[in-house]
Amino acid sequence: MNKKVPSSSGFHSKSLSGVSSIQSETPSSESLVWVGVCWTEVLYLQDLLQRCARKRAAKEGKVCHGRTIQAGLQTDTLTSNILINMYSKCGLVDFARWVFDRMPERSLVSWNTMISSHTRHGEEEEALDLFMQMQREGITPPSEFALSSILCACAAKSAVFECQQLHAFALKNEMVSNVFVGTAVLDVYAKCYLIKDACRIFDRMPDRSAVTWSSMVAGYVQNDLYEEALMLFHRAQIIGLEQTQFTLSAALCACASLAALIEGNQVHAVSIKTGFGSNLFVAASLIDMYAKCGSIEEAYFVFSSVKEKNVVLLNAMISGFSKHARSLEAMILFEKMQQMGISPNEVTYVSVLSACSHMGLVRKGQRYFDLMIREHNVYPNILHYSCLVDILGRAGMTHEAHDLIERLPFDATASMWGSLLASCRIHGNLEVAEVAAKHLFEIEPDNAGNHILLSNIYAEKKRWVEVARARKLLKDNGVKKEMGMSWIEVKGKVHKFVVGEGNHPQIAEIFAKLEDLAAEMMKLGYKAEIEHDLHDVEEDRKEELLRHHSEKLALTFGLIESPPCAPIRIKKNLRICGDCHSFMKFASRITGRKIIVRDTNRFHHFSDGSCSCGDFW
DNA sequence: GTAGGGTTAG
């Protein structure tokens with residue numbers, strides 16, 4: 001504070017209760033050289049502003065701002081810095097910038113605070129511009145504060161090149177050992193899928209904070225390294241670090257992706273023990289984890305236990321119901337959320353529309369699609385259109401679905417054409433199928449599934465010449481079908497099975513049990529649906545290939561290894577084929593077990609010979 | 001007076 005301010009004529013000391021007016025006392029700090037202004041009152045105002053920042057009290061903050069002007073403090077750097085911070089914390093970044101732009105003299109803190117304010121509010125470009133301006137004006141070198149803020153902007157923009165430059169700068173200036181800078185660099189690398197670089201930084205950091213640990217756990221999750229994420233989470237537990245809501249939600253996300261229910265249960269226990277069980281982020285992750293691990297009841301239990309619900313929590317629950325073919329519950333919750341005064345957003349509508357698609361509810365789906373724009377001002381994105389294409393196609397309205405794709409306001413995705421092709425397979429529409437396949441072969445030439453689907457449609461129509469052509473095309477292009485894989489968690493360990501698996505230590509036992517099971521099923525009428533196999537081999541071989549689909553191997557392993565009445569939960573990397581679907585139905589009847597299969601699209605709950613999807617999937 | 005991390009979507 002190096003400017004003399006005018007007299008305190010406009011200063012309403014009376015309004016500041018409990019503060020006596022002490023004129024021009026000797027200041028305790030060099031920065032408080034005041035002429036005619038009570039410095040204790042200045043301190044009081046600054047303290048008030050900081051309290052407003054902590055309480056996110058924008059209205060009171062604005063009143064305080066008015067008082068600082070009345071006190072003639074508009075030229076004071078320290079007060080302005082506090083004002084910028086207050087406005088930033090209250091979410092009024094424009095007001096913060098207004099103060100910043102009018103400062104006659106800015107300190108390093110002014111720049112740092114303003115840059116972080118822009119970053120915090122998702123204005124990465126403004127943050128970067130300001131950072132560059134800072135360099136141009138010779139306010140160098142940037143401090144650790146500016147560096148960590150600007151790295152945060154890089155993370156949001158996936159600006160890996162800028163991050164590398166800043167990292168080099170930090171190394172040169174020995175700033176990388178600063179825990180804020182180190183963590184921010186680590187986070188950007190992880191978000192830019194340079195997980196090895198992120199790991200290297202983590203390993204070399206002299207000090208790690210709770211944020212460093214949670215950034216690394218989340219980094220692994222963002223890079224689909226779920227097992228590594230859980231290992232790091234456990235490492236933190238072992239060395240006695242307190243888990244935070246951040247590590248907990250990231251670890252739960254890993255469990256959800258792995259379909260690791262037992263592991264997820266353990267993380268749930270830690271969440272309760274640490275008092276984060278009702279944190280909205282943790283609770284939403286818990287709901288999602290339970291739903292994705294096949295336990296919709298436990299997901300609902302968590303949902304019910306949270307008193308103050310938000311839109312993400314509701315979306316997680318609605319999405320869970322939708323995936324588990326519980327469309328009625330999804331729709332009831334959709335109505336309830338509005339009664340609670342929470343508006344559905346675009347995520348809600350994706351789940352509600354996909355619930356309609358899973359259940360074949362055409363009219364309901366179309367009604368939701370209209371409602372979305374009309375009532376809630378939510379404009380349909382590519383996922384909403386995808387759902388609608390799926391709803392129409394599955395219901396046999398393949399021409400309507402095709403028309404919709406042709407009228408889209410953007411380019412149709414492979415998933416849309418794929419959905420249409422699959423619908424054509426169900427409803428035998430060869431004409432539209434050929435159009436869909438043509439687009440798919442262009443968009444994703446390496447996807448063998450599309451060739452197989454088209455060939456199946458030809459085979460059904462007994463168009464053998466075209467079947468042969470499709471097979472030749474598949475062979476000539478060297479297109480490989482994505483290897484089918486299934487995972488099952490037994491005794492807390494996730495076991496992976498690949499189609500035709502031969503290396504599992506218990507494979508002989510699994511094959512023997514599988515044969516017994518199939519023999520028993522055949523007595524009840526099961527017949528291998530060999531049309532689901534498109535290998536160019538004899539029928540016997542086809543049957544064997546089908547028999548060794550990964551989900552069948554995982555099921556048999558589960559039957560051998562788990563307690564007699566325990567449900568069997570399987571996760572698969574592709575959509576379940578018709579033969580495996582039928583196999584699971586028979587298996588649930590013979591063994592009396594509940595079998596829950598999560599494929600890339602949804603859940604199938606098999607019980608006593610039938611499936612929750614009602615054979616519509 | 002200023003800095004870094006987490007949730008829901010066919």
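Worth knowing before you read on, the calculation uses all heavy atoms, side chains too, and leaves out hydrogens, waters and symmetry mates. Below, chains carry the letters A, B, ... as their sequence lines are ordered, and counting in each starts from 1.
Side chain of Ser88(A) to backbone of Ile84(A): no donor-acceptor contact under 3.5 angstrom is found. Of the possible donor and acceptor atoms, none in the side chain of Asp288(A) sits under 3.5 Å from a partner among the backbone N and O of Ala316(A).
Gln245(A) has no side-chain polar atom (N or O) that falls below the 4.0 Å cut-off from OP1 or OP2 of dG5(B). The phosphate of dA9(B) has neither OP1 nor OP2 within less than 4.0 Å of any side-chain N or O from Ser351(A). The phosphate of dT7(B) has neither OP1 nor OP2 within less than 4.0 Å of any side-chain N or O from Lys309(A). Between Arg394(A) and dG10(B) there is no side-chain N or O to OP1 or OP2 distance below 4.0 Å.
Residue contacts for Gln222(A): at a heavy-atom cut-off of 4.0 Å it reaches the sugar-phosphate backbone alone, with no base atom in range. Heavy atoms of Ser209(A) sit under 4.0 angstrom from at least one base atom. Within 4.0 Å (heavy atoms only), Ala146(A) reaches no atom of the nucleic acid at all. No contact: Ile115(A) has no heavy atom under 4.0 Å from any strand. Using a 4.0 Å heavy-atom cutoff across all strands shown, Val179(A) reaches at least one base atom of the nucleic acid. Base contact: Ser419(A) has a heavy atom under 4.0 Å from a base atom. Across all strands, Ala250(A) comes closer than 4.0 Å to no nucleic acid atom at all (heavy-atom distances).
Heavy-atom distances under 4.0 Å link DNA chain B to Ser415(A) of residues 408-415 of chain A, given in residue order.
Ranking dG4(B), dG10(B), dG6(B) by closeness to the Thr212(A) side chain, first place goes to dG4(B). Closest to the side chain of Ser148(A), out of dG6(B), dG10(B), dG4(B), is dG4(B). Distance from the side chain of Thr183(A) is smallest to dG4(B) among dG6(B), dT8(B), dG4(B). If you check dG4(B), dG10(B), dT8(B) against the side chain of Asn315(A), the one that comes closest is dT8(B). Of the listed nucleotides (dT2(B), dG6(B), dG10(B)), dG10(B) has the atom at the smallest distance from the side chain of Asn601(A).
Distance Met175(A) CE to dG4(B) P: 16 Å, rounded to the nearest Å. The interatomic distance linking Asp599(A) (CG) with dG10(B) (C1') rounds to 11 Å, in whole Å. The CG atom of Asn112(A) sits 9 Å away from the P atom of dA3(B) (whole-angstrom rounding). For the pair Leu388(A) CG and dG10(B) P, the interatomic distance rounds to 15 Å; values are reported in whole Å. Spacing between atom CD1 of Ile318(A) and atom P of dG10(B) amounts to 13 Å, rounded to whole angstrom units. Remark: P of dG4(B) and CG of Leu166(A) are 14 Å apart, rounded to the nearest angstrom. Summarising the geometry, the separation between CD1 on Ile342(A) and P on dT7(B) is reported as 20 Å, rounded to the nearest angstrom.
Relative ring orientation between Phe321(A) and Tyr300(A) is described as tilted, the plane-to-plane angle lying within the 30° to 60° band.
Partners of Tyr379(A) according to the ring pair (Phe, Tyr, Trp, His ring centres under 6.0 Å) rule, which considers only residues two or more places apart in sequence or in another chain, do not exist here. Every residue meeting the side chain to side chain donor-acceptor pair (under 3.5 Å) condition with Glu137(A), not counting sequence neighbours, appears here in chain and number order: Gln133(A). By the side chain to side chain donor-acceptor pair (under 3.5 Å) test, Asp197(A) pairs with Arg200(A), sequence neighbours left out. Every residue meeting the salt bridge (Lys or Arg N to Asp or Glu O under 4.0 Å) condition with Arg97(A), not counting sequence neighbours, appears here in chain and number order: Asp101(A).
Residue Thr244(A) places a side-chain atom within donor-acceptor reach of the base of dG5(B), judged by atom type and a 3.5 Å distance cut-off alone. Judged by atom type and distance alone, Ser149(A) does not reach the base of dA3(B) through any side-chain donor-acceptor pair under 3.5 Å. Contact annotation: side chain of Ser285(A) to base of dG6(B), donor-acceptor pair absent below 3.5 Å. If you check distances only, the side chain of Ser214(A) does reach the base of dG5(B) with a donor-acceptor pair under 3.5 Å. Side-chain N/O atoms of Ser386(A) and base N/O atoms of dG10(B) include no donor-acceptor pair closer than 3.5 Å.
The pair Lys55(A)-Glu60(A) counts as a salt bridge, with a side-chain nitrogen and a carboxylate oxygen less than 4.0 angstrom apart.
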Which pairs would a plain distance check flag for residues 177-189 of chain A, meaning a side-chain donor or acceptor within less than 3.5 Å of a matching protein atom at least two apart in sequence or in another chain?
residue, atom, partner, partner atom, Å
Asn178(A), OD1, Phe180(A), N, 2.8
Asn178(A), OD1, Val181(A), N, 3.1
Thr183(A), OG1, Val179(A), O, 2.6
Thr183(A), OG1, Thr212(A), OG1, 2.9
Asp187(A), OD1, Lys191(A), NZ, 3.3
Asp187(A), OD2, Lys191(A), NZ, 2.8
Tyr189(A), OH, His167(A), ND1, 2.9

